Amino acid sequence: MPRIISGIQSSGVLHIGNYFGMIQPAIALQAEGEAFYFIANYHALTSVRDPNVLRENSRRVALDFLACGFDPDRGALFMQTDVPQVTELAWILSTVAPMGLLERAHSYKDKLAHGMTASAGLFTYPVLMAADILIYDSDIVPVGKDQKQHIEITRDLAVKMNETFGQIFKLPEPRIRAATETVPGVDGQKMSKSYGNTIDIFGDEKETRKRVMSIVTDSKPVDEPKDPATSTIFQLFSLVGSKDEIAVMGERFRKGGAGYGDFKKQLFEKLWEYFSPMRKRREEILADKLYVDNVLVRGAGRANEVANDVMTRVRAAVGL
Ligand code: ADP
Ligand code: TRP
């Protein structure tokens with residue numbers, strides 16, 4: 001049975017870009033193998049500096065992931081920090097990681113371009129991510145497109161280790177869902193918590209409506225035909241509407257006679273309805289105070305079993 005692994009940083013609140021780009025495909029993949037999904041709180045430390053915020057976000061990401069449909073009986077959900085051996089493996093990998101490989105990482109350059117301070121942790125972020133993946137003998141890694149290069153770096157590091165020390169690691173494959181590889185935010189750029197353009201999965205009704213109504217459009221008047229292909233409203237609607245509903249909206253765009261305000265209202269209604277079963281599930285989980293903790297303890301137990309085996313192999317291979 002293939003092992004499927006993915007992580008999500010607890011650096012903020014989950015948004016619908018995270019949902020369609022990673023959470024939903026990852027949850028669907030549970031049917032194909034043994035899923036190991038974790039809350040990447042070591043990684044989140046590269047951007048969050050308030051301990052209470054980090055703790056709270058980490059719990060909330062676990063809760064939200066479960067509310068989105070993760071089945072803890074068919075896989076493990078755990079905190080990255082509950083398998084601290086990944087930091088040991090990250091160190092070992094860093095001793096073979098070529099500087100040039102890390103210097104080419106887009107994500108690092110992007111983060112600096114968006115005003116983050118260059119730290120050693122931010123620079124070696126992909127090495128810790130490689131450790132996360134390799135320590136579970138992973139086969140498949142479902143992520144959004146922006147993480148593709150990190151999986152390539154992981155494969156490069158695995159090959160380098162295998163060439164240097166003999167066959168230690170499996171080579172993981174990324175799984176990127178083409179249809180939702182980049183979900184746009186309210187400003188039309190990639191939706192990202194660091195760009196302040198998100199629509200949250202579990203935002204309250206008023207806030208969610210406000211976010212949808214703030215989607216940036218061109219200034220075409222009501223009567224004029226509009227191009228659905230270039231519209232953020234239409235792209236987001238395509239994620240939540242039925243095939244027929246999407247076709248009807250596309251037609252109304254092209255015909256003219258309806259304004260963007262109308263389309264936004266329709267998008268809000270559909271979005272709100274789409275996430276309604278997950279909101280309900282979230283309330284049920286919240287009512288059981290120990291549910292999330294129990295899932296995380298169980299998940300960490302399973303993850304540690306695999307990680308300990310792999311680390312025994314790694315230490316022996318490198319001479320530690
Ligand atoms: P953010 O950009 O908001 O900080 P993360 O980097 O924490 O999001 O991403 C978590 C997961 O969600 C990753 O697998 C990432 O590829 C995916 N993801 C994030 N934003 C989007 C988006 N706008 N479209 C598709 N996938 C996304
Ligand atoms: N870097 C990923 C992100 O920002 C999160 C992550 C950490 C991850 N470790 C991972 C994803 C291992 C997949 C596999 O979204």
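Read the numbers this way: they start at 1 and go in the same order the structure lists the ligands and their atoms. Keep in mind the model is a prediction, meaning the values are calculated, not measured.
- Closest to atom 19 (C) of ligand 1 by heavy atom, among V13, N18, I8, is N18.
- The nearest protein atom to atom 27 (C) of ligand 1, hydrogens excluded, is given as G17 O, 3.4 Å; this is a heavy-atom distance.
- Heavy atoms of L128 found under 4.0 angstrom from ligand 2: none, in either backbone or side chain.
- The shortest contact between atom 9 (N) of ligand 2 and any protein heavy atom is with D132 OD2, 2.7 Å.
- With no hydrogens or angles considered, a side-chain donor-acceptor pair links D218 and Y260 at under 3.5 Å.
- For atom 25 (C) of ligand 1, the nearest protein heavy atom (residue, atom name, distance) is E181 O, 3.2 Å.
- Polar contact check, S6 against ligand 2: no nitrogen or oxygen pair lies under 3.5 Å apart.
- Proximity of D146 to ligand 2, defined as any heavy-atom pair under 4.0 Å, is not found for any part of the residue.
- Cation-pi geometry between K111 and Y125 is met: the NZ or CZ atom falls under 6.0 Å from the ring centre, inside 45° of the normal.
- Summary of contacts: the protein heavy atom closest to atom 15 (C) of ligand 1 is D146 OD1, 3.2 Å.
- Using a 4.5 Å heavy-atom threshold, the side chains of Y37 and F65 count as touching.
- Taking any N or O of K145, backbone or side chain, none lies under 3.5 Å from an N or O belonging to ligand 1.
- Taking every heavy atom of H43 and a limit of under 4.0 angstrom, the matching atoms of ligand 2 come to 7 (C), 9 (N).
- For ligand 1, the polar-atom distance check finds no N/O of Q147 at less than 3.5 Å from any of the ligand's N/O atoms.
- Nearest protein neighbour of atom 5 (C) of ligand 2, counting heavy atoms only, is G7 O, 3.5 Å.
- By the criterion of a heavy-atom distance under 4.0 Å, both the backbone and the side chain of M191 are placed next to ligand 1.
- Residue S11 has no nitrogen or oxygen atom sitting less than 3.5 Å from a nitrogen or oxygen atom of ligand 1, judged on distance alone.
- Side-chain contact check for N197 and Q189: no donor-acceptor pair (N or O, by modelled atom type) lies under 3.5 Å.
- What sits closest to atom 22 (C) of ligand 1 on the protein, heavy atoms only, is V183 N, 3.6 Å.
- In this structure, CD on Q149 lies 9.5 Å from CG on D156, to the nearest 0.5 angstrom.
- Remark: R298 does not engage D293 in a salt bridge, criterion side-chain N to carboxylate O under 4.0 Å.
- A cation-pi arrangement, defined by a distance under 6.0 Å to the six-membered ring centre and an angle within 45 degrees of its axis, is present between R279 and W272.
- Shortest contact from atom 2 (O) of ligand 1 to any protein heavy atom: S192 OG, 2.8 Å.
- For the residue pair N57/R60, the side-chain donor-acceptor check at 3.5 Å is not satisfied.
- Atoms CD1 and CG, on I92 and L134 in that order, are 11.5 Å from each other to the nearest 0.5 Å.
- Contact atoms of ligand 1 toward K190: 2 (O), 19 (C), 20 (N), 21 (C), 23 (N) (distance under 4.0 Å to a heavy atom of the residue).
- Any N or O atom pair closer than 3.5 Å counts here, and Q147 shares at least one such pair with ligand 2.
- The pair R282-D64 meets the salt-bridge criterion, with a side-chain N (NZ, NE, NH1 or NH2) lying under 4.0 Å from an Asp/Glu carboxylate O.
- Heavy-atom proximity to T182, at under 4.0 Å, picks out these atoms of ligand 1: 24 (N), 25 (C).
- Judged purely by distance below 3.5 Å, without hydrogens or angles, the side chains of T81 and N41 pair a donor atom with an acceptor atom.
- Near V141, meaning under 4.0 Å from one of its heavy atoms, ligand 2 places the atoms 13 (C), 14 (C).
- We find that E152 and K148 are joined by a salt bridge, their nearest charged nitrogen and carboxylate oxygen being less than 4.0 Å apart.
- Closest to atom 14 (O) of ligand 1 among all protein heavy atoms lies G144 N, 3.1 Å.
- Residue H150 has no N or O atom closer than 3.5 Å to an N or O atom of ligand 2.
- The existence of a salt bridge linking K160 and E163 is excluded, since no basic side-chain nitrogen approaches an acidic carboxylate oxygen closer than 4.0 Å.
- Ranked by closest heavy atom to atom 4 (O) of ligand 2, the top entry among F38, Y37, Y125 is Y125.
- Looking at atom 7 (O) of ligand 1, its nearest protein heavy atom turns out to be K193 NZ, 3.0 Å.
- A salt bridge links R302 with E34: the distance from a Lys NZ or Arg NE/NH1/NH2 to an Asp or Glu carboxylate oxygen falls below 4.0 Å.
- Taking a cutoff of 4.0 Å between a charged side-chain nitrogen and a carboxylate oxygen, R315 and E88 qualify as a salt bridge.
- Residue contact check: G21 has heavy atoms under 4.0 Å from atoms 25 (C), 26 (N) of ligand 1.
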